[in-house]
Amino acid sequence: MYATISNFLKKFFKQNTIFKYGFNISPMYRRSTGKINYVSEDLLKAQVKIPITYRNKNYVGSIFGGSLFSATDPVFMIQLINILGNEYVVWDKEASIKFKRPAKQDAYADFMFSEDEIKQIQEQVKDEQEINLIKEIKITNKDESVVFAEVSKTIYIADKIYYKNKRKKK
């Protein structure tokens, strides 16, 4: 459903605008209490803010760990789906979070890919048909001086034709 709506909206809006507001109005993402603050036009950079509110404050007054984790969960995958295009299959495969200290103030996470990294992904998938990409981010305060948590994401990326043929064999 989200992909269909996004494809329709591309006729009227820039892709980064759809990305930002699509996330921010999506009921599934709103429940995480995260908010996409910024998305670059090329979608290579995105920033999430996780404000501390009554909706995500835990028993000891810090941001609930589930909010930190869920606010960061889908971003890399959706970034790559939109950057790489329809010739690729992209799935979240694995994720982990290491809590470093309580988040008693607004938290932020920056999601970044470089153009070289995207080219490398495309070349690697061309050679190997499928890969597992590991991306790591830090959830920090606004000026990045305090790290609240570190998130590691494993993202599966495959050539779409290879993936379909692989699925048929199962």
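Remember, predicted model here, so these are calculated numbers, not experimental data.
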Open item on the list: I'd like to know if L80 and F76 are part of one continuous hydrophobic network [Ile/Leu/Val/Met/Phe/Trp/Tyr, side-chain heavy atoms within less than 4.5 Å].
Closed with: yes
Task: Residues that, via side-chain heavy atoms closer than 4.5 angstrom, fall in one hydrophobic cluster with V60 - done: Y59
Task: Contact summary for A158 and V125, nearest pair of heavy atoms - done: C-CG1, 3.9 Å
- [ ] Give a yes or no answer on whether the side chain of N141 reaches the backbone of V146 with a donor-acceptor pair at less than 3.5 Å.
- [x] yes
- [ ] Can you measure from CD (Q124) to CG (N132) and round to the nearest 0.5 angstrom?
- [x] 9.5 Å
- [ ] With sequence neighbours left out, write down each residue that passes salt bridge (charged side-chain N to carboxylate O under 4.0 Å, His left out) with D106, or none if nothing qualifies.
- [x] K49
Open item on the list: Nearest 0.5 Å, please: how far is OG in S40 from CD in Q15?
Closed with: 10.5 Å
Task: Rounded distance (nearest 0.5 Å) linking atom CG of D92 with atom CE of M77 - done: 5.0 Å
Open item on the list: Could you go through F99 and L68, starting from their C-alpha distance and side-chain angles, then the distance that decides it, and tell me whether this counts as side chain to side chain contact (heavy atoms under 4.5 Å, CB included)?
Closed with: CA-CA 10 Å; F99 298 104; L68 294 173; 4.2 Å; yes
Task: Side-chain (N56) to main-chain (T53) donor-acceptor, under 3.5 angstrom - done: yes
Task: K14, NZ: over 12 other non-hydrogen atoms inside 6.0 angstrom - done: no
Open item on the list: Under the side-chain hydrogen bond (donor to acceptor under 3.5 Å, both in side chains) definition, can you give me all pairs with a residue in residues 71-81, not counting sequence neighbours?
Closed with: D73-K153
Task: From Q129 atom CD to I161 atom CD1, the distance as rounded to the nearest 0.5 Å - done: 9.5 Å
- [ ] Please say whether more than 12 non-hydrogen atoms of neighbouring residues, nucleotides or ligands are located less than 6.0 Å from CG in D127.
- [x] yes
Open item on the list: Please identify which of these residues, I155, I83, I157, meets the side-chain contact (heavy atoms from CB on, under 4.5 Å) condition with I121.
Closed with: I157
TODO: Check the pair I137, D110 against side chain to side chain contact (heavy atoms under 4.5 Å, CB included), reporting the backbone distance first and the verdict last.
DONE: CA-CA 7 Å; I137 55 164; D110 293 320; over 6 Å; no
Open item on the list: With a 6.0 Å cut-off (strictly less than), is the heavy-atom count around NZ of K138, excluding the residue itself, greater than 12?
Closed with: no
Open item on the list: Test your reading of the model: is there a side-chain donor-acceptor pair from Y29 to the backbone of A71, 3.5 Å cut-off?
Closed with: yes
Can you give each donor-acceptor pair under 3.5 Å made by side-chain atoms of residues 111-119, sequence neighbours left out, with the distance rounded to 0.1 Å?
unit_1	atom_1	unit_2	atom_2	d
S114	OG	E117	N	2.9
E117	OE1	S114	N	3.4
E117	OE1	K135	NZ	3.2
E117	OE2	K135	NZ	3.0

TODO: Apply the test side-chain hydrogen bond (donor to acceptor under 3.5 Å, both in side chains) to residues Y163 and E130: give CA-CA distance (whole Å), side-chain angles for both, the deciding distance (0.1 Å), then the verdict.
DONE: CA-CA 8 Å; Y163 182 79; E130 64 182 351; over 6 Å; no
- [ ] Kindly work out whether a path of hydrophobic side-chain contacts (I/L/V/M/F/W/Y, heavy atoms less than 4.5 Å apart) joins V147 to V151.
- [x] no
Task: Under 4.5 Å side-chain linkage, directly or through intermediates, the cluster mates of I25 - done: none
Task: K10, NZ atom: more than 12 neighbouring heavy atoms under 6.0 Å - done: yes
Task: By ring-ring contact (aromatic ring centres under 6.0 Å, His included) - contacts of F19 (at least two apart) - done: F23
Open item on the list: Using 0.5 Å steps for rounding, measure from the CD1 atom of I52 to the NZ atom of K104.
Closed with: 8.0 Å
TODO: Report yes or no: do Q47 and Y108 form a side-chain donor-acceptor pair below 3.5 Å?
DONE: no
Task: Single-linkage hydrophobic cluster I63~I97, side-chain heavy atoms < 4.5 angstrom - done: yes
TODO: Answer with yes or no whether the hydrophobic clustering places F8 together with F13; edges join I, L, V, M, F, W, Y residues whose side-chain heavy atoms lie under 4.5 Å apart.
DONE: yes
Task: Minimal non-hydrogen separation, V48 against G34, with atom names - done: CG1-CA, 4.4 Å
Task: Minimal non-hydrogen separation, S62 against P102, with atom names - done: CB-CB, 3.8 Å
Open item on the list: Determine whether a donor-acceptor pair (N or O, by modelled atom type, separation under 3.5 Å) exists between the side chain of T154 and the backbone of K93.
Closed with: no
Open item on the list: Can you tell me how far apart CZ (F64) and CZ (R55) are? Round to the nearest 0.5 Å.
Closed with: 13.0 Å
Task: Short side-chain to backbone donor-acceptor contact, N24 and I36, under 3.5 Å - done: yes
TODO: Please confirm whether the backbone N or O of V39 pairs with a side-chain atom of N16, one donor and one acceptor, at under 3.5 Å?
DONE: yes
Open item on the list: Grouping I, L, V, M, F, W and Y whenever their side-chain heavy atoms are under 4.5 Å apart, do L133 and Y162 come out in a common cluster?
Closed with: no
